[in-house]
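Reckoned from all heavy atoms, side chains included, excluding hydrogens, waters and symmetry mates. Counting starts at 1 for both ligands and their atoms, in listed order.
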Amino acid sequence: MQKIILIGKPNVGKSSLFNKIIKKRLAITSDIAGTTRDTNQAQCEILNKKALLIDSGGLDESNEFFKTVQANTLKRAGSADIILYLVDGKKLPDDEDKAFFYKLKKLKKPMALVINKVDNKKDEERAWEFANFGLKEVFNISVSHNTGFDELYEWLASLLYEPFLRADEEENLEDFLEHFEQNQEGEFEFKNIDENHIKVSIVGRVNVGKSSLLNALVKSERSVVSEVAGTTIDPVNESLEYKGKIIEFVDTAGIRKRGKIQGLEKFALNRTEKLLEQAQIALLVLDLNEGFNELDERIAGLISKHYLGVIIVLNKIDISEYDFDKVVKELKLDRFKFLAFAPIISISAKSGKRVANLLDKILEVFENFTQKIPTSKLNDLVQNATKTHPLPHDKGKLVKIYYAVQYDLAPPKIALVMNRPKALHFSYKRYLQNQIRKNFKLDGVPLILASRKKGEKYEA
Ligand code: GDP
């Protein structure tokens, strides 16, 4: 996990900022070998990205300021990924701060000057005095007034890795333009999908029961198909026919050759990634009996990255004692927040219990994944949503969504064509996403919302 280090003199508001970012009152303290005092550090989440926030604390020992303490802080900053240098905006820049700031600059790490206590216009003006620190990344904040955080968080998030949250995010501009270029009248050519043929990958750690699940699925249907006219099924893949559709499980040979990849986590993840590239729907198999760990999270992160339909399969109900609601909460609110849209099904691959439910769920998620949402319905929804909660103005200017239109499927991709697309705040986007999810069947599928400028389609 990437480390963000907070550096600053006493009384600049370091611990309040620390607590604000980690969203807790009390900082979790831990001893780090080689330091003379406790260092506060805690995991935090910034716009859904995780990081470790470290309060350097170092500069607080003012009696021996700028000697050993400084050296220690410098060392710690050297092992961090992002540096936040906090100063007090009620005061004028301080030479000691500046000197130390230059030393930190030499580390050539992403660094921001964060000016705290900027509570009003006057403070804002004074903050310009800090311009001579010579850094582009300067953020005026007020921890006590809770202002200035959007920009700071956005900057931090832009530097943090994206292991998990990609589903439900905006896709890149090039991809969008490509779709628009296909037909300038706004009629989109959707991805070509064979709606009778579903490609599924079964992924999960070793021993969670992937191969048992495959057996159970294949056994549950008598008509296992190897070849069906008009479809191309890879011979290494196993398939079955269910309610008139072909469900093809990709790279089943690999799943059957289990055991070989044990212990080689990186290889396992690479292989998982290959499976996901070929699939439309991923079954994320988890072992209810053993509980969940970081590897599960990383595999889930890969699914999210590929924008696939997802079903979370909790296996081994026959030998597990569990409270379903509690498990769901753990998964949706904590571990796999980024897959919160995924339905969760508990089964026993061994006894075959509820495996048929899973097949129905696959059909349902596939239908959701490939659906075309009528433009009129979409626009009614957006209109109502913006009436209920008007779009916030952007620097005094009106922000408008002219219309919404789906421009691709599998997964559904929707463009919001606007006058000021950059002014669409992520929390408003999230609100629209939730509204769309509420009104259309999107269980198990990521939803891509792209805010775009009117006429952007004709540029490129
Ligand atoms: P894979 O590595 O994910 O393919 O896991 P396997 O399918 O080989 O299963 C690992 C072990 O878990 C085997 O010993 C299975 O018999 C066992 N197993 C799989 N599913 C279940 C289940 O639903 N209940 C129980 N009790 N054991 C299971």
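Every atom of ligand 1 with a heavy atom of Val206 under 4.0 Å away is listed here by number and element: 2 (O). Remark: ligand 1 atoms within the under-4.0 Å shell around heavy atoms of Ile319 are 26 (N). Interface of Lys210 with ligand 1, defined as ligand atoms under 4.0 Å from a residue heavy atom, comprises 1 (P), 2 (O), 3 (O), 4 (O), 5 (O), 7 (O). Numbered from 1 in the order shown, with element, the atoms of ligand 1 that lie under 4.0 Å from a heavy atom of Ser212 read 6 (P), 7 (O), 9 (O), 15 (C), 19 (C), 20 (N). Short contacts between ligand 1 and Ser211, defined as distances under 4.0 Å to a heavy atom of the residue, involve ligand atoms 1 (P), 4 (O), 7 (O). Counting atoms of ligand 1 from 1 in the listed order, those under 4.0 Å from a heavy atom of Arg205 are 3 (O).
Residue Lys353 places no heavy atom under 4.0 Å from ligand 1.
Just one of Thr272, Asp296, Asp287 meets the side-chain hydrogen bond (donor to acceptor under 3.5 Å, both in side chains) condition when paired with Arg205; it is Asp296.
Using modelled atom types, one finds a donor on one side chain and an acceptor on the other under 3.5 Å when comparing Tyr242 with Asp360. With no hydrogens or angles considered, no side-chain donor-acceptor pair links His425 and Asp394 at under 3.5 Å. If you check the side chains of Arg354 and Ser348, you find no donor sitting under 3.5 Å from an acceptor.
For atom 2 (O) of ligand 1, the nearest non-hydrogen atom from the set Leu213, Asn207, Asp318, Asn289 comes from Asn207.
The existence of a salt bridge linking Arg271 and Asp251 is confirmed by a sub-4.0 Å separation between a basic side-chain nitrogen and an acidic carboxylate oxygen.
Between Met418 and Ser451, the shortest heavy-atom contact is SD-CB, 3.7 Å.
Of the N or O atoms in Ile347, none lie within a sub-3.5 Å distance of an N or O in ligand 1. For ligand 1, one of its N or O atoms has an N or O atom of Gly209 under 3.5 Å away.
Put simply, the side chain of Gln435 reaches to within 4.5 Å of the side chain of Leu381, judged on heavy atoms.
Only the side chain of Asn315 comes within 4.0 Å of ligand 1, judged by heavy-atom distances.
Under the 6.0 Å distance and 45° angle rule, Lys245 does not count as a cation-pi partner of Phe366.
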